[in-house]
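The block underneath contains the structure these notes are about, expressed in structure tokens.
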Amino acid sequence: MSLRLAVFLLLVVVLAFVASAGLREMRTSSLQSDVFSGQARELSYTVATGAKPNVRFPRGGPYDTRLGYSRLPQFIARLRSQH
């Protein structure tokens with residue numbers, strides 16, 4: 001067996017493995033779910049008093065405008081002015 005044939009066969013085996021792994025991932029999304037569930041395990045939150053000073057509210061978008069989310073800073077300012 002020549003070296004070229006051995007390299008070619010190894011390349012075919014690796015390519016077949018990558019293709020089958022990609023096909024399995026497209027059908028089941030198992031790798032995606034493992035990655036995202038691992039990241040979700042590391043998430044945490046804390047509850048603190050008061051408003052967060054660097055909150056970013058949505059500016060546009062049809063649902064943000066229609067449901068009033070884009071006007072939240074104005075609503076909050078009016079509520080604070082009325083105590």
Keeping the roles fixed (side chain from Gln32, backbone from Glu25), state whether a donor-acceptor pair exists under 3.5 Å. no
Is the backbone N or O of Pro62 less than 3.5 Å from a side-chain atom of Thr65, with the two atoms forming a donor-acceptor pair by type? no
Can you measure from [atom1] ([X]) to [atom2] ([Y]) and round to the nearest 0.5 angstrom?
| X | Y | atom1 | atom2 | answer |
| --- | --- | --- | --- | --- |
| Leu23 | Thr28 | CG | OG1 | 9.0 Å |
| Leu15 | Ser20 | CG | OG | 9.5 Å |
| Ser29 | Arg27 | OG | CZ | 12.0 Å |

Tell me whether Phe8 at atom CZ has more than 12 heavy atoms from other residues, nucleotides or ligands lying less than 6.0 Å away. no
Do [X] and [Y] share a hydrophobic cluster (ILVMFWY, side-chain heavy atoms under 4.5 Å, transitive)?
| X | Y | result |
| --- | --- | --- |
| Leu3 | Leu5 | no |
| Leu79 | Val55 | no |
| Val7 | Val14 | no |

Shortest non-hydrogen separation from Tyr69 to Tyr63 and the atoms involved: CD1-O, 4.3 Å
Please name the pair of heavy atoms, one in Phe57 and one in Pro73, separated by the smallest distance, quoted to 0.1 Å. CD1-CG, 3.4 Å
